[in-house]
Amino acid sequence: MSEPKDFVAGISSDARKAPKRVVFVTRRTSAQVRSVDEEQVQTYPEGLLRAALAVELLVIALVLISVFFDAPLEGIANPTVTPNPAKAPWYFLGLQEMLHYFPPVVAGVLIPTLLVIALVVIPYFNINIEGGGLFLKNRRRNLNIFYAAAAGLSLFLWFFDVYVALIPTLIVTAFMLLAAFSSPHSPLRFRRYLAARPVSWWIMTWFLFELIVLTVVGTFFRGPGWSWVLPWRG
Amino acid sequence: MAEDNKSRTAEPEDEISRRAFFTKLGLGSIGLAAAGTMSFAYQYMSPNVLYEPSPVVNAGKVDRYSIDSVTLDPVSAIYLIRVQEGFFALTAICTHLGCMTAWKPELGMIACPCHGSRFNREGQKLAGPAPKPLPWLHTWLSDDGDIMVDRSTVIPAMQFLRI
Amino acid sequence: MPGRIDRYLDRMTHSRAWLSIFRSGNGPNTLHRSLAIQQSLFLHILPTKVRRRMLGLDATWYLGTLTLGTFLVLVITGVLLMFYYHPSVPQAYADMKDLRFVVSSGLFLRNLHRWSAHAMVFLAFAHMFRVFYRGAYRPPREFNWVIGVVLLLITLLLSYTGYLLPWDQLAFWAITVGSNISSAVPVVGAKFHFLMLGGNQVNANALLRFYVLHCVILPLAAVLFVAVHFWRIRKDGGLYVKQSEPARADATAAAAVSVAEPVAAADVLTGQP
Amino acid sequence: MQASNKIRLSWRALFRDPIRPFGVASLFLLMAFAIAPAKDHFSEWRHYQNAYLRLIHDRSDAGTLQRHFRPGIQQIWLPEAGVVDRCKTCHEGMAEAGLVDVKTQPFGKHPPIPHSLTEFGCVVCHRGQGVATTVAEAHDSTLAPEEPLLPARYMEASCGQCHHEALSGTPKLNQGRVMLARYGCVHCHTVKLPDGSTMMPSDEPPPLTHIAEKTSREWIYAWLKNPQSYSATATMPNFLLSDDDARDISAFLIANSAASGAAHAVLVAATATRTADPSAGASLYGESFCASCHATQNAAGDVVGGDLGPELTGIGTKVKPEWLRSWLRNPHEYAPGTSMPQYRWTDQQLDLLTGFLAAKSNSDFTANVHLDPATPEQIAHGRKLVAEYGCAVCHEIRGIRKPDNFAPELSRIGSKPLAQLVFTSGMNQTLPDYLAAKIQHPRDFGPGLRMPQYTFTSPQVDALSTALLSLTDRSFTMPQQWQVASPKRSNYQPAGHAGKLMADLNCQACHRMNGRGGDMAPDLSAEGSSVHRQWLNQFLANPNTLRPALIRRMPRFNLTDTERAELTDYIMTAYQIPGIDPDAVSDSGSSPALVEQGRQIFYSKYACQGCHMVDPKQDKGYVGPPLTTVGSRLTAAWIDAWLKNPQALRPGTIEPNRDMSDDDARALTAFLMAQKGSGKQEAKR
């Protein structure tokens, strides 16, 4: 993996044929194609049966949950009485936690918009497709960018007192540092694994970690007036 | 795995019948579940409570009605008629196509505005396309002395509520 | 007795009427089974054959299938719930009480709808992260990834619009807080907020709008995008399987379409294992 | 690794040939699908209906009961009232007269009430969640707008949602409503009623503008510390002030007091009165019927007398003698709005009464109070405290504006959602318990609260809670046909010079006229139609009561002849009611035969002597007023009209309506008009 990969990925432009992924080899090596023969099975019944089985198990679980746990129903909507705290659905509680720290235009608009754009563009960047370890190629430059980005983000979060988001950021940063000083030849399997992670993996992991932490905090650790409460106390 | 392999290779007949059994079990269960869901849906779709006015109407005290009077209550769509023999109630809904009839005092008959059916005071058809006479409704006196009419119960004609 | 049932079933599945509906015919051979997929409107967006490795639990954890499963549950329970629901104030809340207390199994259906909705949001997120960590978003599947993101947004909107419909305190304030965020958008925010709620506050107009979005517009959009999503799976080369993962030990060498993928191919090209 | 490999292998075994798990899973799916309707089938209300069927099965009236029984969910739907009640689903026997002996709930018969169950539903009175079909949800739900069931002891509150006048069946509610006004609750707390009016206080907090003339700073201090230690019947509650706060407030009140401008009689007679016969003062106190309004403690320690005015047991400690004399002479000079009548006492009588009252002292009340002269800081602090505690809400205080909405409005307190209440630890979390606790220990609910401490007995607390619980949201949204029109409030004031006289005498403190006034004495709105002029004039001069057993009696005001004539003229002309024609029935000259016929009717046909007495020697009726002199008091036209329909003239009177024929009425009137009393007795008086 230490060698740079000099190829371009793409798909054939012949619309009459079924699309096949091909690579255009840009370095002067002879192209060697290894054809892989795979066992194939009929979608019907093999695939559909498995799908049906999965759905059946899901429905059984949902039915049992529904029999034993009732959906919440509060008092009738009353515009004059705000419950404390007024919480959004759980999947928006991460956002609501952000709204606690930043003005709505940042937390409610900027962050979600950037998120959606980031998700959409993931497959359109070569860096994501090639997926080399972040610190293996252009190590010096990437390391500098990483230091700058991690410090900037942490300072920003610290400045706004967003400790809930800062702590996951620091943890991910710590793992990235570990990855930066590991290589594919490290003795530990875990370090070898970290060293091979590409940049998009790190960003997504950071996002997932933040999402889980913020949602859990918003769901369980926030009480009246969006104050910090411990769910196991009362 | 090992068992699986063994059963596959050693006893193909047995394996086939086992597969057939589980297929039948699965499809049969799903079939039953689907049938059960149908009956479930039927139960669900039949309302257990109704938000409809009660078929029993309180028509008030006896003295509100003078003898030989025909009183239409447009809300409950009934005629309350007091004659010498007593009281009786008729539906005001025409038996033809469900229009609201009206009492014509000058003619002494009940007339339907839609297709010209006419009935006499006892509900019998005099003219028009109505297929049946206006049905008599069950009437009785409540404990408080009010006249009660049950719009859902039809009684044979000429059964007066005698006071 | 079972034999007799078998005979009846056999006669039924070979009758003209049956064959006019299911044209594939029945039999254990490849032709019939391929036709069963190809001849069905609902199944023909699937390939007739799949690689065995795709069906393994490791490959997908069946997260996409499960998400679709919750969607189907939601459609069925949702349609049933609509029979007892008036999108008006305060009747909507009274309908919740009626579902709970007097409609046969009304409480169960509402529970099922609610929990399935939560499950669907969770599964859609899980599906997305799983696809990412598998690397299955990479070309040629990049557009399907984008459709997936759109479907995630539709899922969130479906859940969000449904949140208002019980017209209880939970609903009212979650929607009030949520909708006020949209007015923070520069320039168009206030107008959007106004249009979304049909007014300046969450009231009967908003309830009706959310109802229409929840029951008509968003489900139709979801069905459309789900169809495209499935179709693209097939057109983009089937479910993604990592080349580096071992093929099944007992895999027989069947003539298969060679599906190379960039990373694996690169490994081949550079002569590395 | 080993474990994960195992899992992988078992998954592979499972998914390799998925037909097996498919078969099993489908079976489980079938079972899961069966649970949901089964749960519905074993619902709570079905259990109760089965229990009801078992209960009635062995009874002798089983046939009737089974015929009345309706399976399934029973519902009372009243769209206008927004009521959907399914209580009858479990309470099946509610309307079954035969089940009156069944005491096990939920199957007992509902006790008899004046309303039909199907017309009013259940939750209108009992609260609770009518739509629910489970016990917990129906009885104890606290999610707005649902409320838990109202405990039976507060049930009268439900009547008060529609009935705003006093009902004979709701003593607790009536008492609570009187207390809300009497104890000044509604000074601070606004209570708006559904008819748009506001509940008015009925107590009279004295103005403090000229307090220095009336009493001493020491007394104010001791009073502020604990009003009830001065007089157990004191209206003013205890604000639980610290010594320093009480000191500063008393300093401010004295410093803030201005001269009243009342012409103070110099207390020349003070020494004279002391030496005068104390029994003379006591008998004047008695003759003037002061006890009709004021109570005093007698030797046995019982407080005897009316509660319209303050208790006078310790009055000598409280007020300065010169102030007392000037007050007795003309109370309106000191407190223009007071209910105290302006008696026409002579100077000598004033001295007597002043001396008598000044001697009533409990001197140890202020004995331990020693206050240093007030500093400006104390006065300033006192002023701050007076504003803070809202003294000016009740009392008129110079330089301090009466604050508006000083305390939370209570117009809908009976529907306050539990979520909005803050409970103290350890108390029952219900609205009635909250109200009772708040009334009993208002300061327990947190620091900085200003509501004072009352000394109510627990029946009083119950009554107040009942009255507060009747102030519901529902009372404002009742359907039109359920709303009971409350008696019209009026601002009627008698006019002219006679009106001024009546204002001085405060007639309306006790008598109601044209819809305004007290209810201690008879309504005078029809007085002009009912009595003879001569009788009225005599009565004003010497108000001997119709019912001698009463403590509360009309006082003698010592009116001059001209004043009496003026008052009589005014009453005779202003308080007429239409429909009574004085000429229709002649006052006198009935034939003796007719009188005799009337006597027969009186004694035999209607047996009036059961309640009234005409001949004190033989009749024993004490329920109604004696009729020995009725002929000289009432006009014939009035008696005639009264006999025919008493309720038309005085709604709610207990005199039965006997549906008397004109002839009977005429004869009876003639008989009653003949009862003029013996002239001799009259002369003796």
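Convention: sequence-line order gives letters A, B, ...; per-chain numbering from 1.
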CZ (F423(D)) with more than 12 external heavy atoms under 6.0 Å: yes
K192(D) atom NZ, neighbour heavy-atom count above 12 within 6.0 Å: no
More than 12 heavy atoms of other groups within 6.0 Å of F476(D) CZ: yes
Separation of L53(A) CG from F22(D) CZ (nearest 0.5 Å): 8.0 Å
Pairwise side-chain contact, F28(D) with L57(A), heavy-atom cut-off 4.5 Å (strictly under): no
Heavy atoms of other groups near F221(A) CZ, more than 12 under 6.0 Å: yes
Value rounded to 0.5 Å, distance of CG in L143(D) from CD1 in I76(A): 11.5 Å
Region of L64(A) that comes under 4.5 Å of a non-hydrogen atom in chain D: side chain
Structural part of V63(A) lying under 4.5 Å from a heavy atom of chain D: side chain
Region of S26(D) that comes under 4.5 Å of a non-hydrogen atom in chain A: both
Atom CD of E80(D) with >12 non-hydrogen neighbours under 6.0 angstrom: no
Side chain, backbone, both or neither of V81(A) within contact of chain D (heavy atoms, under 4.5 Å): side chain
Atom CZ of F135(A) with >12 non-hydrogen neighbours under 6.0 angstrom: yes
Contact check, side chains of L29(D) and V59(A), non-hydrogen atoms, under 4.5 Å: yes
